[in-house]
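By convention in this document, chain letters (A, B, ...) are assigned in the order of the sequence lines, proteins followed by strands, and residues within each chain are numbered from 1. Note that this is a predicted model, so its numbers are computed, not measured. The figures here come from the full heavy-atom set of this structure, side chains too, leaving out hydrogens, waters and symmetry mates.
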Amino acid sequence: MTIAAEPTRLRIIYGVDSPLCYTSVLDMTRHWERLVRRAGLPLAYTQGFHPQPRLLFAAPLPVGYRSICERLDLFLAQPCELQTAADRLTPQMPQGLAMLDLSAVPWNSPPLQSLVQEATYRVDLWGSLMADEVRRAVEALLERPSIPRQRERQGKLQQYDLRALFSEVRLLDAAATVPNDRPPQHSLLVQARCGSQGSGRPEELLEELALPLAHYRITRTSLIWQPPSGEVQP
Amino acid sequence: MVPIDSFELERLLLRVQKPARYVGGEWNSIRKDPAEVEVTLALGYPDVYEIGMSNLGLSILYDAVNADPLLAVERVYAPWDDMEREMRAAGLPLFTLESRLPVAEVDVFGLTLQTELTFSNVLNMLDLAGLPLRSSARDASHPLVIVGGSCCYNPEPMAPFIDAFVIGEGEQVLVELLHCVRRWKNEGRTGGRQALFRALAQIDGVYVPSLYDITYRDDGTIQQITPLGSAPVRVVKRITPRLAATPRAPVVPNLRVVHDRAAVEIQRGCGRGCRFCQAGMIYRPIRERPAEEVIADVDAIIANTGYDEVGLVSLSSSDHSGIQEIVRALVNRSDAMPIAVSLPSLRIDSFSLELAELIQQQRKTGFTFAPEAGSQRLRDVINKGVTEEDLLRTAEAAFENGWDHIKLYFMLGLPTETDEDAREMARLIRTVRAIGRRLRGRRAEVSASVATFVPKAHSPFQWLPLVSREELQARQRVLLGALGPGRAQVSYSEWSETWLEALLSRGDRRLADVIEAAWRAGARFDAWSELADVSRWHRALEECGIDPAFYLERPRSRDEILPWSTIDAGVSDAFLWDQWECALSGELSPDCRSNCHDCGILVAFASEHSQVDPVAWGCPP
């Protein structure tokens, strides 16, 4: 007896670096569609008047952010061996995208987006700053009971409390080593809410810290899932 | 060659919109080590990335130059004003996308001029690169500055800024030009830039403006154009006897661009001979890409890029002899990945409607017609070759076959036009609307886009003035009045853009001062309403003491030396004048593939013609 195999839903963990870290979410979708087509894998399409390829991101990455933990589910129209998928997709990854892991999940698994709760970021800082100076600024910020700010969204000003979006901000003992001809002086670890209930953006935190920075770089380092699955390491 | 400081660039990228415009590294982009080649070309478009990356011509040149192991090409586009401010504040010069080389350090800096409204951006890019604006102020340490593209058919307004213009099709001549630079460089730049200029002027299709001396009469018209040394009296455009190979692995943009799809040029040139149309004159002769080659090109591009849409590029898609075969093959691709086909420039006939049916089986967006003029009399003047009967029959068939929206393209300001022509335009729109109502009820939508006609160099109307603003506005009022209330949306082109386009396309070398003054006053991105401000141009004209009426409002006589008369598009002045006379008498000149009108192209390109099958160009034997 043969059982018709279920079409494959691929779960991909990938990294984002320059130049594609400068690409918007919408454009990132197009890059994935195109690389899957180049790989010769048949994407499944949504039904309806305007069929769209079925791919779901866990959490959109803001323009300018790098990442080592992006997750994406790709729905294929046919069953596909994992090894075949990996062998075909990897050579089609453009500069700035890195394949980190690939697995298959049941077709009807819940969407990743509904499971993301928080994310961690590493924020690399350039500028002539003493570590103590950074630490004190961070401590002072965390002591504030609330940090009222406003954002413009679709032409409307929204009030929100920035403090409530961050669960951890900490100066790392040593600055990260990053591919850059000028290494950063310091790196922060930031844990912030991420998802439909609002996202904490590390650059807004930097604005509040008001440190005299020459430059900064934000890298998403992990996604934290709703209980009970807990933190998933990339 | 030392690249720009990438750390500095990364800093700026956090502060601008759409930073992906400035980073390069795209799929299929080619990065050669500049130290491994002998000549590096920075090639680009004087507008933003999304416009520049949509230009098929640049993609062809990117392939043609990179195919040569001695040459490298790197792309460069105009930074949007936010990035410009950041670059200027940080002292970061204009740089190429592939290796981030400062443009000032490459050997040749080349831009394509597709619209006059990018002229101010050319100056801005020269300045951002740190180069002196004027050719006469640059020396052998600076890159050679060249331009190509359709605006070069009147090179004069930009002449003082540019070292050399490439006239016509660049695929071969650009490579020849780069090798000429290579030899000069390898010989220690002997004789300086003057020696290089003289060598360049010997290449067919290269116009070196500094080698021409121009004198003027008291009335402002040109008295004489004198070539210096051995520069040719007239520079004949270059053509390729056969269409060059399609770029099969084009660069896939980092962000959504205007034409975000595969592109295959299926035909160059057009035999319809519309008298208002510069493209129809300057892109002669007609050359078709065989259907099987087009289909193979599309398959290869889709495989190399992952695009799901292809644009079949030509001046008149439905005139390709194998178009039906091509479209059928593309919509019935056997593999699992369907592609959309876009087919611009369809004719108004039932055959075109069938093609549109084929490519819009799933979604019927809008059907576009270009009657161009409202009355039969005026359509005959411009040699449009379409009758009202054709038009109404096609509109009826389109509504019957499920289209709800018909878009009509017209022009106002055409030669011999009167108020009656505007009333006829209104009547035509109303008739199409009534057909839509009858067949599709309230869902039927008819819109009209009414551009203003600009008489262009090397067309049969090149001697004519631009319509005056007063006359145009009066005619627009007649049109609107005659349309009456109802569901027809009419949009007009901006007068200020038309005016500037006409001024810059009909001017001579003396306008260069105006371009520079306008740029100094802040002019750039003149095609972008959010950044354009035509008052800068009005002030620049005043400052330079130049009356625009001289260029815009004055009919030019048959024997006047036109500013662009140094350029030879292969179509003879006698033919153009004859076509103007036919226009005046309303005499039609049918499609030249069936009936040669002796335009001159076979005489100008006899040697190229002898390299191909005698019927390959669509010229009758």
Point to revise | Stepwise side chain to side chain donor-acceptor pair (under 3.5 Å) check, B:Y77 with B:R21 | key: CA-CA 9 Å; B:Y77 305 107; B:R21 286 166 169 168; over 6 Å; no
Exercise for review: Begin from the C-alpha positions of A:E203 and A:Y65 and carry the test side chain to side chain donor-acceptor pair (under 3.5 Å) through to its verdict.
Suggested key: CA-CA 10 Å; A:E203 68 267 36; A:Y65 285 35; 2.3 Å; yes
Under a 4.5 Å cutoff for heavy-atom pairs, which residue among [options] has the most contacts with chain A?
{"options": "B:D5, B:I302, B:N28", "answer": "B:D5"}
{"options": "B:T305, B:L255, B:V252", "answer": "B:T305"}
{"options": "B:P253, B:S6, B:G24, B:P19", "answer": "B:P19"}

Check your understanding: Step by step, would you call B:E74 with B:S99 a side chain to side chain donor-acceptor pair (under 3.5 Å)?
Key -> CA-CA 7 Å; B:E74 306 226 343; B:S99 308; 2.5 Å; yes
Check your understanding: Just checking, is any N or O donor in the side chain of A:Y160 or A:E204 under 3.5 Å from an acceptor N or O on the other one?
Key -> yes
Exercise for review: Verify the distance criterion only: is there a donor paired with an acceptor across the side chains of A:D87 and A:T84 at less than 3.5 Å?
Suggested key: no
Review point. In terms of heavy-atom pairs under 4.5 Å, which option from A:S18, A:A39, A:A214, A:C21 contacts chain B the most?
Key: A:A214
Check your understanding: chain B: which of A:Q95, A:R182, A:M28 shares the most heavy-atom pairs with it under 4.5 Å?
Key -> A:R182
Check your understanding: Would B:M87 and B:F95 satisfy side chain to side chain contact (heavy atoms under 4.5 Å, CB included), going step by step from the backbone distance to the final call?
Key -> CA-CA 10 Å; B:M87 287 168 70; B:F95 59 91; 4.2 Å; yes
Practice item. For chain A, find its close neighbours in residues 40-52 of chain B: heavy-atom separation under 4.5 Å, sorted by number, or none. Key: none
Point to revise | Criterion side chain to side chain contact (heavy atoms under 4.5 Å, CB included) on B:E26 and B:L97, from CA distance to verdict | key: CA-CA 9 Å; B:E26 301 93 334; B:L97 291 179; 4.2 Å; yes
Exercise for review: Identify the residue among A:D124, A:T219, A:D17 that makes a side chain to side chain donor-acceptor pair (under 3.5 Å) with A:R66.
Suggested key: A:D17
Practice item. Counting only heavy atoms closer than 4.5 Å, note whether A:L35 contacts chain B via side chain, backbone, both or neither. Key: neither
Revision key, fill the gap. The interface call for A:M93 against chain B, heavy-atom contacts under 4.5 Å, is backbone
Practice item. Could you walk me through whether B:R261 and B:S342 pass side chain to side chain contact (heavy atoms under 4.5 Å, CB included), step by step? Key: CA-CA 9 Å; B:R261 57 177 89 105; B:S342 80; 3.8 Å; yes
